[in-house]
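These numbers come from the heavy atoms of this one structure, side chains and all, not from hydrogens, waters or symmetry mates.
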Protein chains: 2
Amino acid sequence: MTPDPRRDEAEFLASYDPRDYDPVAVTVDVVALTIRDGALHVLLVRRGFAPYAGMWALPGGFVQAGGPLRGADAEDLPDAAVRELAEETGLSAKGGALGRVHLEQLGTYGSPGRDPRMRVISVAHLAFAPELPDPQAGGDAADAAWVPVDALGLTDSGEQRPGTTRRLAFDHARILADGLERARGKLEYTPLATAFCGGEFTIPELRSVYEAVWGEELHAGNFHRKVLSVPGFVESTGATSDRGGRRGGPRPRLYRAGDARLLHPALLRPSREEEIR
Amino acid sequence: MTPDPRRDEAEFLASYDPRDYDPVAVTVDVVALTIRDGALHVLLVRRGFAPYAGMWALPGGFVQAGGPLRGADAEDLPDAAVRELAEETGLSAKGGALGRVHLEQLGTYGSPGRDPRMRVISVAHLAFAPELPDPQAGGDAADAAWVPVDALGLTDSGEQRPGTTRRLAFDHARILADGLERARGKLEYTPLATAFCGGEFTIPELRSVYEAVWGEELHAGNFHRKVLSVPGFVESTGATSDRGGRRGGPRPRLYRAGDARLLHPALLRPSREEEIR
DNA sequence: CAAATAGTGTCTCTTAGACAATATCAT
DNA sequence: ATGATATTGTCTAAGAGACACTATTTG
């Protein structure tokens with residue numbers, strides 16, 4: 001049963017009864033990405049309870065709907081995503097380390113049967129974070145950790161290769177695969193790679209972000225010149241890093257994110273020939 | 001109140017009661033675009049009932065959730081979008097004219113208060129259609145029509161300019177603005193402009209699609225050469241159109257969509273300098 | 001016939017990418 | 001000292017866009 005839009009609002013509210021509706025739950029899941037030790041990591045929680053007990057899942061939870069009277073506890077979707085992220089990481093949402101996190105909506109997943117309990121529509125979000133502390137296992141989670149994406153054995157078709165130890169619950173392998181593909185694309189035409197860095201960063205650090213997300217080595221010289229040539233991508237701080245490269249080399253200069261929202265011309269990743277058809 | 005994931009599935013189902021939940025309704029809305037008379041049009045319905053009676057809205061409706069027992073009437077989100085489109089246009093979903101329509105998810109809109117009746121989460125979809133017949137006003141709609149997008153006075157910020165006669169209900173101006181921006185971008189790096197054409201089309205017809213969506217005139221010669229140079233964008237049918245241009249000119253050749261899913265190199269639209277920052 | 005249009009040729013400028021060179025730093 | 005790294009320079013090929021030209025069709 002679904003609401004009948006032919007009734008006007010007053011009549012609707014007067015005759016309102018939750019039992020008239022097919023129950024649908026709306027959740028928010030977050031694909032939170034960060035770079036650790038030069039590798040792309042995703043924030044996962046281990047489920048303590050059925051369904052999928054013991055398996056790993058994206059952090060997420062039910063949206064506070066607010067009920068028919070739309071109480072003050074009704075949450076907007078981005079707010080719900082930030083709240084879930086804060087709960088799982090133990091970080092404060094406002095002003096704290098989460099203040100620098102980029103968050104965008106990824107997509108909505110609502111196939112019947114994706115949750116064995118009931119019809120669940122999940123609005124997935126994508127977050128780019130600078131390096132954050134290890135998460136606190138809390139709430140519903142038996143464990144929580146930043147997990148290297150490579151260790152999950154994801155295929156392009158959104159499944160995990162057989163033999164992968166950490167199995168993902170629900171359709172979270174598909175959601176994560178979609179999030180990774182979105183992230184790879186975003187790095188091409190937006191300056192969001194800077195969201196993985198701290199407030200100040202070097203060009204080689206920025207390059208390592210691209211290499212971690214794209215899974216390809218980039219030519220240092222050409223990358224350097226390209227980043228500086230795109231208007232508004234980065235701006236110089238005038239300062240210089242206090243350390244050279246890991247195994248030698250001069251001290252790189254420091255930059256901060258510029259004011260561009262789109263990169264023009266874009267930084268196209270090499271060798272996309274395969275995925276064109 | 002939200003479900004407690006700590007209960008296992010059997011216990012969950014045994015104790016299930018719809019009244020335990022904050023009621024949330026999930027709808028599907030469709031931004032259906034087509035080209036008519038060289039101008040971009042969107043499919044709109046006029047609301048016959050409150051809220052927003054008399055205003056125009058995107059076609060859409062409630063998703064059939066299927067209830068806790070997940071009956072056979074449970075709908076996937078894309079299926080719901082196709083069903084809404086078929087209901088509003090009076091066209092058959094399978095095999096009919098809707099078979100050639102491109103459909104993709106656009107985004108999910110769930111701000112509290114966006115629907116005055118209750119908490120409604122709307123999963124918006126974007127459809128590219130070749131020229132279709134005029135829709136049949138039916139179901140909940142007092143009227144239905146393909147409306148020129150330019151006549152809606154949309155601003156970049158997702159609002160309608162004052163003085164626009166056809167007002168859009170709910171947050172549909174924002175959704176439509178997002179859909180248009182997505183469409184403009186998709187034409188750059190995918191061959192989806194062909195989805196606005198019939199099975200066979202000419203390069204000038206394809207160019208008119210780009211001009212209608214981007215709102216800019218393109219250089220005919222350069223466009224022609226560019227389209228043919230991108231691998232897999234179009235393939236020749238060998239045939240020639242039976243008419244020349246409107247006011248003269250040779251008969252253009254006919255092409256059909258190629259097998260590329262991405263355009264490489266992309267067709268970048270001119271003059272994007274403004275929107276970079 | 002006059003005007004418009006399809007399709008092709010040519011030129012210039014920008015950019016991507018390969019490669020090289022040099023200065024600086026870690027070990 | 002040795003090797004790695006940051007940064008800049010140079011060269012080549014590809015592509016975008018401006019412009020011109022010809023052949024063909026409509027009215």
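Residue Arg225(A) has its side chain nearest to dG9(D) when only dA18(D), dT26(D), dG9(D) are considered. Residue Pro252(B) places its side chain closer to dA6(C) than to any other of dA16(C), dA6(C), dG27(D). Ranking dG9(D), dT27(C), dA18(D) by closeness to the Asn222(A) side chain, first place goes to dG9(D). Here the side chain of Pro265(B) is nearest to one of dG15(D), dT8(C), dA16(C), namely dG15(D).
Rounded to a whole Å, the CZ atom of Arg253(A) is 15 Å from the C1' atom of dC25(C). Rounded to whole Å, atom P of dT14(C) lies 19 Å from atom CG of Leu267(A).
Looking only at atom types and distance, the side chain of Asp178(A) has a donor-acceptor partner in the side chain of Tyr109(A) under 3.5 Å away.
Between Arg269(A) and Glu181(A) there is a salt bridge, since at least one side-chain N of the basic residue sits less than 4.0 Å from a carboxylate O of the acidic one.
Contact annotation: Arg247(A) reaches the phosphate of dT5(D) (side-chain N/O to OP1 or OP2, under 4.0 Å).
Between the Lys186(A) side chain and the Ala193(A) main chain, no donor and acceptor come within less than 3.5 Å of each other. The backbone N or O of Asp134(B) sits nowhere less than 3.5 Å from a side-chain atom of Trp146(B) that would complete a donor-acceptor pair.
Counted within 6.0 Å of CZ on Arg246(A), heavy atoms from surrounding residues, nucleotides or ligands total 12 or fewer; the atom is thus considered open.
You won't find any donor-acceptor pair under 3.5 Å spanning the side chain of Arg246(B) and the base of dG27(D), going by distance alone.
At a non-hydrogen distance threshold of 4.0 Å, Pro204(B), Arg207(B) from residues 200-220 of chain B come into contact with DNA chain C. Residues from residues 182-196 of chain A with heavy atoms under 4.0 angstrom of DNA chain C: there are none.
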Show me the protein contacts with nucleotides 21-24 of chain D, counting only N or O atoms at under 3.5 Å.
{"residue": "dT24(D)", "atom": "O2", "partner": "Pro250(B)", "partner atom": "N", "Å": "3.3"}

